[in-house]
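Scroll down for the structure; my scribbles are underneath it.
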Amino acid sequence: MTGDQLLLESPGGDAAFVVELKAFSGPLDLLLSLIREEQVDIYDIPIARIAEQFLARIRTLGLNDAAEYLEMAARLLRIKAQMLLPRPDGEVWEDPRAELVRRLLEYQQMREVVDLLERRGEERRNQFARTFTPPDAPAPPPMLALSLADLLAAVDRVLRAAKRPSVHDVVSRPLDVPAAVAVIRALLALRSRIRFTEILRHSTDPSFVLSTLMGLLELAKVGELRVHQPRPFANVEIERDAAGQAA
Amino acid sequence: MTPLAKLLEAALFASPRPISLAELAELDPEAPLAAVTAALEELREHYNVDGHGVELVELGGGWQILTRAEYTEAIERAQLAARPQRLSAAALETLAIVAYRQPIGRAEIEEIRGVNVGGVLKSLHERGLVDVVGRAEGLGRPLLYGTTPQFLEHFALRHLQELPRADELAIALRSAEPAGVE
Amino acid sequence: MTPLAKLLEAALFASPRPISLAELAELDPEAPLAAVTAALEELREHYNVDGHGVELVELGGGWQILTRAEYTEAIERAQLAARPQRLSAAALETLAIVAYRQPIGRAEIEEIRGVNVGGVLKSLHERGLVDVVGRAEGLGRPLLYGTTPQFLEHFALRHLQELPRADELAIALRSAEPAGVE
């Protein structure tokens with residue numbers, strides 16, 4: 001399908017719409033389709049005519065903003081200028097189109113492979129593989145002896161007990177996890193076991209509570225401590241993990 | 001069916017990916033490789049002769065059971081499974097170049113296609129169709145790309161050699177061999 | 001097998017979940033429900049009488065093809081015995097960066113490698129070779145990655161300090177093959 005047809009077929013389609021549809025996959029693709037339309041010999045391209053067609057086409061298709069197409073347009077115009085220079089007498093004349101022809105042939109060869117891949121891909125697409133996979137082995141045991149939901153519920157209780165923050169006052173302070181981590185570490189250095197509420201004793205500011213929660217989860221994850229809740233809704237106990245620290 | 005063919009069928013049925021001959025042979029450590037090959041042939045015959053909705057196909061360096069193409073439309077219409085999206089022209093062009101010139105760097109692909117391929121390479125990499133296979137010498141040591149087993153699967157190729165050699169294509173260029181074939 | 005039984009077989013094979021009778025009936029709008037039930041029975045019979053590695057079972061309000069229980073053990077054993085997959089070059093490079101720069105964020109790895117590493121990091125994480133070890137300061141508080149005990153095991157290292165220092169690396173690479181690396 002050429003770009004022109006596409007332009008006609010797209011209802012109310014403006015130029016930008018066409019670019020998005022990628023009627024051509026690049027300047028070489030467009031150039032090759034022009035050469036085919038004009039039925040000219042790829043080894044003897046009438047460069048002036050093709051260059052003009054190319055420019056007209058990228059304007060029609062709204063491709064004149066695409067650097068790659070502009071670069072090709074410039075290249076074509078340069079070759080056109082070179083073709084106009086008088087050919088040296090007796091010397092070997094190097095056709096300024098040679099490099100372009102080589103690239104076009106290389107591109108054409110690649111398109112042949114694309115056709116083949118497209119055919120094979122379409123055949124394969126029409127066959128389904130097995131998609132049902134039986135339930136896998138159970139996931140490895142969780143690292144915490146406590147579910148996140150339980151911990152969050154505990155946070156919720158602490159927040160409820162705290163002063164009610166005014167509705168419009170969005171938590172303005174960013175979470176400060178490193179500070180919370182420092183507090184937790186300091187407390188654990190003093191005692192091997194502390195309770196969640198004890199950490200929050202000196203502040204129930206929501207951002208501090210959340211920072212502490214994040215800090216606990218991170219320290220638990222790296223194995224510095226263990227978090228434990230003896231029964232639902234009980235206070236959460238935090239224990240220094242000697243093994244984790246040694247590792 | 002022979003017990004070995006049944007065992008192979010069970011394993012092939014359970015797998016969403018092709019299984020290599022070596023892996024199939026692991027299923028029964030007693031069975032010689034020739035027996036495994038014979039059992040595969042038996043299974044393929046059975047599906048063909050007996051008339052099944054599925055068939056046994058060799059692709060992507062292994063064996064896989066696939067549904068027959070004639071049922072695809074009905075299955076899709078009933079919304080029981082969906083065909084994957086087609087690859088874009090840009091993706092196909094890039095894959096064709098990588099397949100024939102691997103290992104190949106991004107700059108060289110762009111030289112052939114005449115456009116920037118950064119985004120296409122990234123999405124091909126994410127889909128597992130190409131992978132980084134090394135680094136080139138020289139300035140900046142650019143990454144080199146090659147095709148993956150999933151590439152073969154996607155195009156139902158048994159191996160890369162199944163693609164025509166460069167000099168067998170209608171437009172034969174320089175005598176470039178499909179380089180770096182795995 | 002009848003054409004309807006073949007169609008059902010293909011659909012049951014392709015579907016990621018059990019399929020209800022009503023859904024199976026949609027595959028062929030011409031076929032009366034009784035014919036669908038009969039075709040299911042035919043398929044089940046075929047798998048049982050002919051001796052297949054799979055069977056047709058009704059569960060969870062639908063129909064499903066499953067591998068026979070007697071083969072599951074062999075399949076699982078083969079999966080265990082399967083040779084461990086090699087890490088891709090992309091995965092190894094990323095792993096090396098994590099090992100030497102941990103804790104390190106994704107953006108920093110991408111800066112060093114020059115490519116998107118989202119997919120690679122994910123697969124390294126799934127293999128248990130890297131894990132999230134914290135969060136960086138700054139915008140978005142990006143995740144920081146580090147290596148795991150499995151990483152040490154995989155490379156037969158007792159501890160991270162056993163890795164050669166970055167400045168010793170050139171000498172270490174020249175003098176010996178790294179042990180235990182696949």
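In what follows, every chain begins at residue 1, and chains take the letters A, B, ... in the order their sequences are listed.
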Review point. Under 4.5 Å, heavy atom to heavy atom, which residues of residues 104-113 of chain B contact chain A?
Key: E111(B), I112(B), R113(B)

Practice item. Heavy atoms only, distances under 4.5 angstrom: which of E162(B), E76(B), E70(B) has the most pairs with chain A? Name it, please. Key: E162(B)

Exercise for review: Output yes when a side-chain donor or acceptor of T60(A) lies under 3.5 Å from a complementary backbone atom of A56(A), and no otherwise.
Suggested key: yes

**Study point:** Proximity breakdown for R17(B) and chain A, heavy-atom pairs closer than 4.5 Å
**Key:** neither

Check your understanding: Which bit of R103(A) comes within less than 4.5 Å of chain B, counting heavy atoms only: side chain, backbone, both or neither?
Key -> side chain

Study note, to complete from the structure: Applying a strict 4.5 Å limit to non-hydrogen atoms, the region of Q85(B) in contact with chain A is backbone

For residues 58-65 of chain B, which side-chain donor-acceptor pairs fall under 3.5 Å, sequence neighbours excluded?
from	atom 1	to	atom 2	distance (Å)
Q64(B)	NE2	P16(B)	O	3.1

Check your understanding: By a 4.5 Å heavy-atom criterion (distance strictly below it), what part of S15(B) contacts chain A: side chain, backbone, both, or neither?
Key -> backbone

Check your understanding: Checking R119(A) against chain B: side chain, backbone, both or neither under 4.5 Å from a heavy atom?
Key -> neither

Revision key, fill the gap. Applying a strict 4.5 Å limit to non-hydrogen atoms, the region of L116(A) in contact with chain B is side chain

**Study point:** Which atoms of E71(A) approach chain B - backbone, side chain, both or neither, heavy atom under 4.5 Å
**Key:** neither

Check your understanding: Is it the case that Q127(A) and T67(B) place a side-chain donor and acceptor less than 3.5 Å from each other?
Key -> no

